[in-house]
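Numbering of residues begins at 1 and proceeds along the displayed sequence. Reckoned from all heavy atoms, side chains included, excluding hydrogens, waters and symmetry mates.
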Amino acid sequence: MRGIRGMGNDTKKIQLFFEDGKEFSLKNIKPLVGITGLYLIYNSDIKIRYPFKSSRLIYIGMSEKRTSSIGKRLQGHLEGTSGNEGIVSYNKVDNLLFTYINFEMLKNIWTLSIENLESFFILDFVKHYGVYPICNNKSGYDLLSIEKNLDITINWESFE
């Protein structure tokens, strides 16, 4: 995540921006062992035609524990042990990239769990693109209502 920009007086308006993606390789994944938060995997070139508009984003995932950290989860996707064949297949035909959000950076504005943050991201993606990211196999994401004085905007354009 490149930055968080807060605005407003009563309502916290937060805009989330992402760092440039890192190559989906072991050397870039290893430093993330022990870090919890969200990670986003996307194609370097291939755009997916979603109902509302196209995006290179294929997966939004999370790590809620240091023992199953972002680094461990990404390594499982890279090596094919995560069970997500979609990510493995896209990695064979395009150079995948990833970016991540360290949950520690959001704790002062996000009071709910990492699971709820992942749900918020996925449901916001659905709102903008019309369906879940193509490699997210789950359905039925629910988000508990977030604080009424919090307005978060995700910069999805980073993946278009």
Side-chain angles (χ1 to χ4, degrees), residues 1-44 50 55-79 81-84 86-87 96-129 131-160:
M1 182 175 70
R2 184 177 59 198
I4 302 171
R5 185 181 307 151
M7 302 183 254
N9 296 338
D10 295 340
T11 299
K12 288 184 199 172
K13 290 189 176 192
I14 309 296
Q15 292 180 318
L16 298 177
F17 297 88
F18 299 96
E19 288 184 8
D20 290 339
K22 297 181 183 295
E23 178 188 337
F24 195 52
S25 66
L26 205 50
K27 71 176 179 161
N28 290 325
I29 291 170
K30 283 287 189 190
L32 303 179
V33 171
I35 295 176
T36 61
L38 296 184
Y39 57 94
L40 298 92
I41 300 174
Y42 59 103
N43 289 307
S44 61
Y50 292 112
S55 175
R56 295 178 295 137
L57 186 73
I58 61 169
Y59 188 78
I60 299 171
M62 68 156 185
S63 159
E64 69 276 21
K65 299 177 189 167
R66 293 175 57 84
T67 53
S68 61
S69 65
I70 291 174
K72 293 275 187 186
R73 299 284 313 231
L74 285 170
Q75 186 174 350
H77 292 308
L78 179 66
E79 295 172 349
T81 58
S82 71
N84 193 317
I87 295 172
L96 292 182
L97 303 170
F98 73 92
T99 189
Y100 69 97
I101 298 172
N102 186 333
F103 193 63
E104 289 296 318
M105 292 180 65
L106 292 179
K107 281 190 172 179
N108 62 340
I109 59 168
W110 185 265
T111 59
L112 302 173
S113 69
I114 293 175
E115 292 88 348
N116 285 321
L117 183 62
E118 180 193 37
S119 291
F120 176 79
F121 265 69
I122 289 171
L123 293 174
D124 196 66
F125 186 89
V126 170
K127 185 171 90 177
H128 284 85
Y129 295 91
V131 301
Y132 297 121
I134 196 164
C135 293
N136 280 89
N137 302 334
K138 300 178 192 173
S139 62
Y141 288 94
D142 286 327
L143 175 67
L144 303 174
S145 59
I146 62 174
E147 295 178 36
K148 291 182 180 177
N149 63 343
L150 188 59
D151 179 12
I152 299 177
T153 302
I154 300 169
N155 181 25
W156 295 116
E157 291 79 20
S158 301
F159 307 104
E160 290 179 1

Using side-chain heavy atoms (C-beta onward) and a distance below 4.5 Å, is [X] in contact with [Y]?
{"X": "E157", "Y": "F18", "value": "no"}
{"X": "L16", "Y": "I14", "value": "yes"}
{"X": "F98", "Y": "L32", "value": "yes"}

Taking all heavy atoms of [X] and all of [Y], pick out the closest pair and write down the distance.
{"X": "V33", "Y": "S69", "answer": "CA-OG, 3.3 Å"}
{"X": "E64", "Y": "I114", "answer": "CA-CD1, 3.8 Å"}
{"X": "M62", "Y": "Y39", "answer": "N-CE2, 3.4 Å"}
{"X": "I29", "Y": "Q75", "answer": "CG2-N, 3.8 Å"}
{"X": "I60", "Y": "N136", "answer": "O-ND2, 2.8 Å"}
{"X": "S63", "Y": "S68", "answer": "OG-O, 2.6 Å"}

Please tell me whether S119 and N116 have a donor and an acceptor in their side chains that are separated by less than 3.5 angstrom.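 Distance-only check fails for S119 and N116.
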Side-chain H-bond candidate by donor/acceptor type, E79 with T81, under 3.5 Å: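 On atom types as modelled, these side chains do not qualify, holding no pair under 3.5 Å.
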Does the side chain to side chain contact (heavy atoms under 4.5 Å, CB included) test come out yes or no for V131 and V126, once each step is laid out? CA-CA 5 Å; V131 301; V126 170; 5.7 Å; no
Let's go through N43 and F159 carefully: what are the C-alpha distance in whole Å and the side-chain angles of both, what is the deciding distance for side chain to side chain contact (heavy atoms under 4.5 Å, CB included) to 0.1 Å, and is it a yes or a no? CA-CA 9 Å; N43 289 307; F159 307 104; over 6 Å; no
Under the criterion side chain to side chain contact (heavy atoms under 4.5 Å, CB included), which of L26, I87, I41 is the partner of L74?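 With L74 as partner, L26, I87, I41 yield a single side chain to side chain contact (heavy atoms under 4.5 Å, CB included), made by I41.
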Would you give the length of the straight line joining atom [atom1] of [X] to atom [atom2] of [Y], rounded to the nearest 0.5 angstrom?
{"X": "I152", "Y": "D124", "atom1": "CD1", "atom2": "CG", "result": "9.0 Å"}
{"X": "I35", "Y": "M105", "atom1": "CD1", "atom2": "CE", "result": "11.0 Å"}
{"X": "I101", "Y": "E19", "atom1": "CD1", "atom2": "CD", "result": "10.5 Å"}
{"X": "R73", "Y": "K65", "atom1": "CZ", "atom2": "NZ", "result": "11.0 Å"}
{"X": "N102", "Y": "T36", "atom1": "CG", "atom2": "OG1", "result": "6.0 Å"}
{"X": "T99", "Y": "L97", "atom1": "OG1", "atom2": "CG", "result": "9.5 Å"}

Derivation of the side chain to side chain contact (heavy atoms under 4.5 Å, CB included) call for E118 and F120: CA-CA 5 Å; E118 180 193 37; F120 176 79; over 6 Å; no
Hey, would you say the [X] and [Y] ring centroids sit under 6.0 Å apart?
{"X": "F103", "Y": "W110", "result": "no"}
{"X": "F24", "Y": "H77", "result": "no"}
{"X": "F125", "Y": "Y50", "result": "yes"}

Which class fits the ring pair W156 and H128: parallel under 30°, tilted 30 to 60°, perpendicular over 60°?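 W156 vs H128 ring planes: tilted.
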The test is ring pair (Phe, Tyr, Trp, His ring centres under 6.0 Å); show your working for Y59 and Y42 and say whether it passes. CA-CA 7 Å; Y59 188 78; Y42 59 103; over 10 Å; no
Taking E23's backbone N and O only, do any of them form a donor-acceptor pair with N28's side chain (distance below 3.5 Å, no angle check)?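 Checking the backbone N and O of E23 against the side chain of N28, a donor-acceptor pair under 3.5 Å is found.
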